[in-house]
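Below is one structure, written out as structure tokens; comments come after it.
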Amino acid sequence: CAVIISKDKKQNTAGIASLDISTGEFIAADVEENLLAEILQSLAPAEIIYSKQQKSLITSVIKNIGESIPLSGLEEWIFDEQFGREALLGHFKTQNLKGFGIETFTAGISAAGAVLHYINETQKSFLPQLTKISVYNPSEYMTLDMATRRNLEISFSSSGDTKSGTLISILDKTSTAMGGRLIKKWVSRPLRKLKQIHARLEAVKVFYESETTRKALKAHLAEIGDIERLTSKICTGKANPRDVSSLKDSIKKFRLLSRY
């Protein structure tokens with residue numbers, strides 16, 4: 001995750017970008033500076049990179065989170081907006097960023113370019129699994145800070161860092177690793193917009209009312225591998241023959257899933 005605070009104090013904005021190379025999820029946003037700590041708590045990044053020129057600003061934000069997150073300071077030029085824009089255009093091979101919805105971003109593009117550069121430098125390989133970047137809109141989700149997550153035992157129990165006895169352990173009846181990650185994300189970032197909530201509930205209703213369909217689909221899903229991470233391993237040249245075979249078999253199962 002990359003973070004930068006706008007140098008223009010009149011704007012009161014910050015840029016944030018998060019990239020998961022194991023799944024290919026890449027998001028970016030221009031946000032209000034005073035919301036930065038809350039958003040970082042919601043995203044729960046494994047590492048935060050920032051401009052060395054903003055060390056004091058970023059460390060003060062991290063202190064407000066109250067969590068120990070690894071920090072890496074990079075040179076200021078890596079967070080230059082033009083550098084970030086060129087890095088993104090070069091990677092996605094596009095003339096502009098309108099198709100991704102981030103063309104008008106400023107600090108968000110700086111953060112996205114920085115995290116892309118950082119991953120390329122540390123991984124020392126091209127990242128073809130990164131095919132898009134999406135807009136992260138904090139207003140669509142309810143922010144749950146780490147203290148709230150711990151107290152509600154959403155993903156970790158109060159007795160220790162285990163899933164046993166947590167809300168996730170009760171709700172997670174998923175059949176795939178991808179589904180497990182998705183439901184954890186959904187529970188950790190509750191929706192706020194009524195339309196989206198109703199759409200999700202309608203989807204649940206369909207499978208709740210049809211036990212036959214639900215069981216058949218669950219059985220087919222159980223035979224599908226972790227496509228997101230298998231694809232990432234193949235793209236980065238870290239896959240073995242078993243991984244490639246697993247991806248092939250999983251893709252074949254899509255034909256069965258299309259019936260539902």
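Throughout, residue positions are numbered sequentially from 1 according to the sequence presented.
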Using atom types as modelled and distance alone, determine if a side-chain donor or acceptor of [X] lies under 3.5 Å from a backbone N or O of [Y].
X      : Y      : value
Thr94  : Leu97  : no
Asn120 : Leu116 : yes
Asp30  : Thr106 : yes
His220 : Phe254 : no
Thr231 : Ile227 : yes

Salt bridge (charged side-chain N to carboxylate O under 4.0 Å, His left out) against [X], all qualifying residues, sequence neighbours excluded:
X      : result
Glu47  : none
Glu76  : Lys7
Lys215 : Glu211
Arg229 : none

Nearest heavy atoms of [X] and [Y], plus distance in Å:
X      : Y      : value
Ala2   : Ala111 : CB-O, 3.3 Å
Val115 : Ala112 : CG1-O, 3.2 Å
Leu40  : Ile16  : CD2-CD1, 3.5 Å
Ala28  : Gly108 : CB-O, 4.0 Å
Ile69  : Pro45  : CG2-O, 3.8 Å
Ala14  : Ala107 : C-CB, 3.7 Å

(message) Centre-to-centre under 6.0 Å for Tyr50 and Phe79, is that the case here?
(response)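 No, too far apart.
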
(message) Tyr136: which residues meet the ring pair (Phe, Tyr, Trp, His ring centres under 6.0 Å) condition with it, sequence neighbours left out?
(response) Tyr141

(request) Just jot down the ring pair (Phe, Tyr, Trp, His ring centres under 6.0 Å) partners of Phe83, sequence neighbours excluded, or say none. (result)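 With sequence neighbours excluded, Phe83 shows a ring pair (Phe, Tyr, Trp, His ring centres under 6.0 Å) to Trp77, His117, given in chain and number order.
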
So how far is it from [X] [atom1] to [Y] [atom2], rounded to the nearest 0.5 Å?
X      : Y      : atom1 : atom2 : value
Glu32  : Ile39  : CD    : CD1   : 8.5 Å
Ile58  : Gln53  : CD1   : CD    : 12.0 Å
Ile183 : Leu171 : CD1   : CG    : 5.5 Å
Thr176 : Lys218 : OG1   : NZ    : 9.5 Å
Phe105 : Ile133 : CZ    : CD1   : 8.5 Å
Ser18  : Ile27  : OG    : CD1   : 4.5 Å

Let me have the donor-acceptor pairs involving side chains of residues 198-210, under 3.5 Å, with sequence neighbours excluded, atom names and distances please.
{"unit_1": "Ser210", "atom_1": "OG", "unit_2": "Thr213", "atom_2": "N", "d": "3.4"}
{"unit_1": "Ser210", "atom_1": "OG", "unit_2": "Thr213", "atom_2": "OG1", "d": "2.8"}

Heavy-atom distance under 4.5 Å between the side chains of [X] and [Y], does that happen here?
X      : Y      : result
Val135 : Ile102 : yes
Cys1   : Ile49  : no
Leu36  : Ile5   : yes
His91  : Leu88  : no
Leu89  : Gln95  : no
Phe26  : Phe92  : yes
Ser56  : Gln54  : no
Glu33  : Thr13  : no

(message) As a quick check of understanding, evaluate salt bridge (Lys or Arg N to Asp or Glu O under 4.0 Å) for Arg181 and Asp20, giving each step before the final call.
(response) CA-CA 12 Å; Arg181 288 193 294 271; Asp20 185 343; 5.9 Å; no

(request) Just grab all the side chain to side chain donor-acceptor pair (under 3.5 Å) pairs involving residues 239-250, residues at least two apart or on different chains. (result) Lys233-Asp243

(request) Please list, chain by chain and in numerical order, all residues satisfying side chain to side chain contact (heavy atoms under 4.5 Å, CB included) with Thr148, sequence neighbours excluded. (result)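 With neighbours one apart ignored, the set is Leu144, Asp145, Leu152.
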
(request) Evaluate the criterion side chain to side chain contact (heavy atoms under 4.5 Å, CB included) for residue pair Ile62 and Ile48; output intermediate values, then yes/no. (result) CA-CA 10 Å; Ile62 303 303; Ile48 294 176; 3.4 Å; yes

(request) Sort and list the pairs that fulfil salt bridge (charged side-chain N to carboxylate O under 4.0 Å, His left out) and have at least one residue in residues 95-104, not counting sequence neighbours. (result)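 Counting only pairs at least two positions apart or across chains, the salt bridge (charged side-chain N to carboxylate O under 4.0 Å, His left out) contacts touching residues 95-104 are Arg85-Glu103.
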
(request) Considering only Ile, Leu, Val, Met, Phe, Trp and Tyr, and joining two whenever side-chain heavy atoms are under 4.5 Å apart, list the other residues clustered with Leu182. (result)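 Leu182 clusters with Trp186.
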
(message) Any carboxylate oxygen within less than 4.0 angstrom of a Lys/Arg side-chain nitrogen, looking at Lys185 and Glu25?
(response)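 Salt bridge: yes.
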
For a quick test of your reading: what N or O donor-acceptor pairs under 3.5 Å do the side chains of residues 187-196 make, sequence neighbours left out?
{"unit_1": "Ser188", "atom_1": "OG", "unit_2": "Lys184", "atom_2": "O", "d": "2.8"}

